[in-house]
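Written out below as structure tokens is the structure these notes cover.
All chains are named by letter (A, B, ...) in the order of the sequence lines, taking the proteins before the strands, and each is independently numbered beginning at 1. Computed from heavy atoms alone, side chains included, the values below leave out hydrogens, waters and symmetry copies.
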Amino acid sequence: MKISSWQLLILLFLSRIFIAITYFTLEDISPSVMMSTSAISVATDMVLVIPAIFLYKNYPDENVIISAFKVSKIFGIILTVLYFIFAVFMIFRTVRFFLYFFENAFSNLLPTLVVGVMLIAAAAYVAHLGIEAAARSSSIVFAVFILLLIAVVATTAEDFDITNYYVEHIDTNDVFGGIVSGLSRSSEIVVLVLVLPYLKTGITKSVYGFLLLKLLFVEMIILLCMLFLGGYMEAVQFPFFTVCSFAKAPFVDRLDAIFLVVWTLIGVIKLSLFTISLRPASVLLKPLQNSAVTNLVPFVLGGAPALYFAYKEQMIIPLLDNELTAAAIVLLGTVIPLVVLILRRFKREKN
Amino acid sequence: MNIDDKNYAHTLLPESAKDFKTMLKAAAGNTMDVNISDIEVSGHKCVFVAAEGMISTQALSELVFHPLMEFNLDHKASAEEVYTFLTQQSLMTIDRQELSTFGEVFMRLFSGFAIIFIDGKNKAVSLGIQGYDKRSIENPSSDTNIMGGQDGFIEALRTNVSLVRRRIKSPLLKFELMQVGKVTKTDIAISYLSDKVDKKIVDEIRKRLMDIELDTIFSTGYIKPFLEDKHKSIFSSISTTDRPDSMCIKLNEGKVGILIDGTPFALILPSVFIEEFRTVDDYTTRSFYTVYIRWIKYLSFILAVALPGLYVSIASFHPGMLSHRLLLNLVASQESTPYSLTTEAVIITIMYEIMREAGIRLPKAVGGAVSIVGALIIGDAAVTSSLISAPLLIIIGLTATASFVIPGLNQQTSVLRLVYIAVGGLFGLYGISILTIAVIANTCVLSSMTVPYTAPVSPLTVNRLTNILGRPSFLRLQKTKRRVEDLTGVKK
């Protein structure tokens with residue numbers, strides 16, 4: 001089961017755009033500064049993905065965990081546990097974030113428990129069907145997302161105010177804050193080092209294509225919100241959703257419900273990707289590699305606490321833009337793959 | 001030698017005519033439909049065997065008995081001379097075969113061949129003079145069109161083979177015959193264009209068909225599951241057609257057709273989702289009109305599956321999406337009905353399915369009456385008595401009509417429609433989204449012989465998109481070679 005570079009690009013892109021279309025912080029920084037820091041953050045990502053690219057070019061059928069097992073079994077087991085914990089954490093974060101947004105944007109629509117269970121069940125189902133099904137689905141979801149974006153732009157364009165766009169000076173704190181914020185949202189760098197064995201060819205095209213597409217769309221979304229909302233943008237928590245709520249199409253009075261549909265589709269793809277990315281690494285669980293139960297384990301471990309905290313209305317924003325998450329992403333997405341590469345080369349030369 | 005209906009298949013034919021008759025009767029268990037007659041050909045003893053009602057009496061008289069009677073040597077013919085005459089010198093029929101086991105004898109006998117056994121020679125000769133009753137060629141029942149050919153497949157395999165062959169007069173068109181079904185020994189023909197098809201696909205299909213261990217094969221549905229790669233999807237990556245011209249178009253794309261004796265439908269594989277929206281008429285009308293109709297069909301599919309579900313979910317959970325005037329109309333229509341919108345939608349959808357099923361199973365004349373009862377009496381009365389709201393009836397009516405536009409996906413649209421209503425009514429657009437991604441993934445997981453069911457959309461094959469968004473002109477079609485292998489998503 002292999003996927004093309006384009007399919008991987010879209011999978012990673014949807015995973016990343018999920019947060020971008022939902023929420024972005026504007027604490028003390030203006031939208032124009034955010035646009036600049038986003039660009040700097042993408043430039044940082046371009047450097048951080050280099051070990052993943054080298055890993056694929058040297059060992060195209062292995063991911064970081066399989067490679068680690070070839071260095072030593074203990075090392076492999078440690079990494080399996082580390083990446084598993086990370087995947088569970090990301091599932092927890094995504095589900096919690098999803099529920100937080102749902103409660104705030106679509107209050108009283110459905111009980112939180114129902115929303116969470118349905119989301120987890122759908123993601124587990126997609127993950128069970130495998131990477132090919134997820135990748136092919138993601139292309140269709142991507143097309144739907146583009147249609148939504150076109151619809152939003154087309155229906156709000158007449159209300160754009162160019163004077164809402166203004167440029168501000170960026171200081172070092174902004175740059176650092178932007179990089180940390182960008183990194184803590186870039187779990188795809190870690191997903192990438194896990195899904196490498198699924199890729200047919202074209203790692204560079206996938207990775208840099210994804211980063212450029214991410215940059216393009218994140219900038220576009222910030223600009224769209226900025227031109228439409230102006231100063232009001234800093235007062236709302238979900239700017240893109242707010243734009244959709246104001247958008248009025250000929251047949252539909254508001255586009256926010258349409259946004260809900262697209263956003264849910266993307267959320268399911270993002271969640272399933274974490275479990276799918278673990279699959280080639282679950283060398284130790286080979287007989288149970290794709291059983292429905294094995295697929296459910298990360299969802300239960302990550303989803304159950306997310307539902308609990310959602311019920312208690314705890315653990316929301318600190319999960320998203322913090323240094324610890326950013327550090328974990330750099331460690332698992334860049335440092336460890338680099339160490340594995342060096343150890344593999346060292347071992348080869350020794351042999 | 002002891003022979004019965006269990007061990008006959010590999011039992012060799014005896015030398016004597018007497019033994020042959022005894023063994024044949026023992027193996028056939030004195031069934032009434034096997035006629036056995038002794039005849040003499042130029043003084044030599046032979047046995048003639050035919051199945052009741054399976055051969056043409058005219059052909060038997062003109063092509064077999066008449067030449068045999070004229071075969072008069074000036075001496076009593078030997079077994080070898082009769083055998084040589086039957087197999088090499090006469091022109092009785094082109095389709096003749098030497099048989100050496102009882103298995104071969106019964107296979108040919110029950111396929112409508114006449115069998116002549118020659119005393120003293122442990123071999124028999126089968127002569128193709130089939131003449132069983134069959135339905136005449138008629139308009140295709142399920143895939144009708146306006147401008148294309150008006151002949152459809154029938155139940156007789158050999159007639160269907162000839163319908164395809166008549167359209168592709170090339171030696172590149174191959175038909176491979178095999179028997180499947182341990183009891184029925186149903187004739188199945190695999191057909192393909194040898195220069196277009198991927199040989200691996202043919203080998204795989206042949207292998208899968210030979211591995212089938214079912215006792216009986218009576219329709220396409222019996223062998224479909226054995227040819228599909230995965231069984232997790234609600235869709236099928238194998239399409240069916242009862243149109244020879246449609247099958248020829250698919251064969252020219254490198255696909256494989258499977259004809260089954262006893263059914264007027266051919267299986268085509270590998271098949272992709274988007275092909276369900278194409279008809280032969282697409283290639284007989286002007287390009288602009290084909291494009292227009294294709295988009296109508298895409299829209300119809302979405303309406304057929306999701307419109308009632310969307311209506312129920314929006315009206316129940318997201319009324320803010322609707323304009324005030326529309327919303328007021330809906331509220332006014334709902335106020336007089338006793339049930340919730342979801343319950344109403346479920347009831348009327350099930351009622352529609354009952355009437356549709358009744359219309360299909362009943363004779364055509366009565367089927368029309370069912371439609372009238374459904375549409376005029378029940379529908380009208382339900383609205384008048386305020387059991388069902390008028391807008392919902394319009395929605396269901398529109399949905400039902402839309403589902404007729406894509407008959408190939410009728411099974412899926414019927415079930416999905418009801419599921420969408422239930423989920424939309426219970427969970428709103430959020431439920432619709434969750435269901436949609438599950439359906440998308442369920443569709444995307446399907447592939448047949450390495451060709452993804454969702455190709456060429458996903459995985460994306462850019463140069464094949466023209467045939468989805470519109471229809472390439474014949475000027476362009478003649479310059480491009482379209483093969484199903486191009487849809488695998490692997491660049492070659």
Side-chain angles (χ1 to χ4, degrees), chain A residues 1-4 6-7 10 102 106 108-111 114-115 117-123 125-144 200-202 245 248-269 271-272, chain B residues 229-230 232-233 272-273 302 306 309-310 313-327 423-424 426-447 450-462 465 468-469 487-491:
Chain A
M1 290 217 280
K2 295 265 185 183
I3 58 170
S4 68
W6 167 253
Q7 287 177 320
I10 297 298
F102 201 93
F106 300 98
N108 302 325
L109 206 62
L110 287 169
V114 173
V115 175
V117 169
M118 284 174 74
L119 178 75
I120 291 168
Y125 176 66
V126 175
H128 177 64
L129 294 179
I131 186 84
E132 279 186 330
R136 290 176 199 162
S137 306
S138 68
S139 302
I140 295 166
V141 173
F142 177 71
V144 177
K200 279 175 199 155
T201 50
S245 305
K248 187 176 173 146
F251 296 103
V252 183
D253 254 23
R254 293 165 57 166
L255 286 181
D256 53 349
I258 310 287
F259 171 86
L260 167 72
V261 173
V262 179
W263 178 72
T264 308
L265 300 181
I266 297 175
V268 171
I269 295 283
L271 271 176
S272 66
Chain B
D229 281 353
K230 286 183 178 171
K232 289 176 183 171
S233 182
V272 295
F273 177 74
I302 295 167
L310 283 172
S313 67
I314 290 171
S316 308
F317 286 83
H318 313 273
M321 284 178 75
L322 306 171
S323 67
H324 284 295
R325 191 167 293 176
L326 180 58
L327 194 60
V423 171
L426 289 172
F427 307 110
L429 276 181
Y430 177 67
I432 297 271
S433 320
I434 292 286
L435 179 61
T436 302
I437 189 69
V439 171
I440 291 174
N442 183 275
T443 314
C444 287
V445 76
L446 193 62
S447 60
T450 72
V451 177
Y453 185 57
T454 44
V457 175
S458 185
L460 191 67
T461 310
V462 178
L465 279 182
I468 291 174
L469 303 172
L487 299 173
T488 54
V490 180
K491 282 186 181 173

- For chain A, find which of B:V457, B:N442, B:I432 contributes the most heavy-atom pairs closer than 4.5 angstrom. B:N442
- Atom group of A:V261 that falls short of 4.5 Å from chain B, counting heavy atoms: both
- B:A441 and A:A133 have their tightest heavy-atom pair at O-CB, 3.9 Å
- Answer whether the closest heavy-atom distance between the side chains of B:L460 and A:S139 falls below 4.5 Å. no
- When the 4.5 angstrom heavy-atom criterion is applied to A:A135 and chain B, the contacting part is backbone
- Message: Applying side chain to side chain contact (heavy atoms under 4.5 Å, CB included) to B:M321 and A:I258, what does each step give before you reach the verdict?
- Response: CA-CA 9 Å; B:M321 284 178 75; A:I258 310 287; 3.7 Å; yes
- Under the 3.5 angstrom rule, does the side chain of B:Y430 hit a backbone N or O of A:V115 as a donor-acceptor pair? yes
- Task: Could you pull out all residues at least two apart from B:S433 that satisfy side-chain hydrogen bond (donor to acceptor under 3.5 Å, both in side chains)?
- Result: none
- Residue that, paired with A:V268, satisfies side-chain contact (heavy atoms from CB on, under 4.5 Å) out of B:I440, B:T436, B:I434: B:I434
- Note on the structure: Most heavy-atom pairs under 4.5 Å with chain B, out of A:I269, A:I3, A:V126, A:L265, belong to A:L265
- Item | B:P459 and A:R136, any side-chain heavy atoms less than 4.5 Å apart | yes
- Task: To the nearest 0.5 angstrom, please state how far the CG atom of A:D256 sits from the CG atom of B:L429.
- Result: 9.5 Å
- Item | Stepwise side chain to side chain contact (heavy atoms under 4.5 Å, CB included) check, A:T264 with B:I437 | CA-CA 9 Å; A:T264 308; B:I437 189 69; 6.0 Å; no
- Message: Please classify the contact of B:L426 with chain A as side chain, backbone, both or neither, using a heavy-atom distance under 4.5 Å.
- Response: backbone
- Task: Could you have a look at A:V141, A:V114, A:L119 and say which one has the most heavy-atom pairs with chain B under 4.5 angstrom?
- Result: A:L119
- Task: Name all residues meeting the ring-ring contact (aromatic ring centres under 6.0 Å, His included) criterion together with B:F427; count only those two or more places apart in sequence or in a different chain, and write none if there are none.
- Result: none
- Message: At a heavy-atom distance under 4.5 Å, which candidate from A:G267, A:A121, A:A122, A:A257 has the highest pair count against chain B?
- Response: A:A257
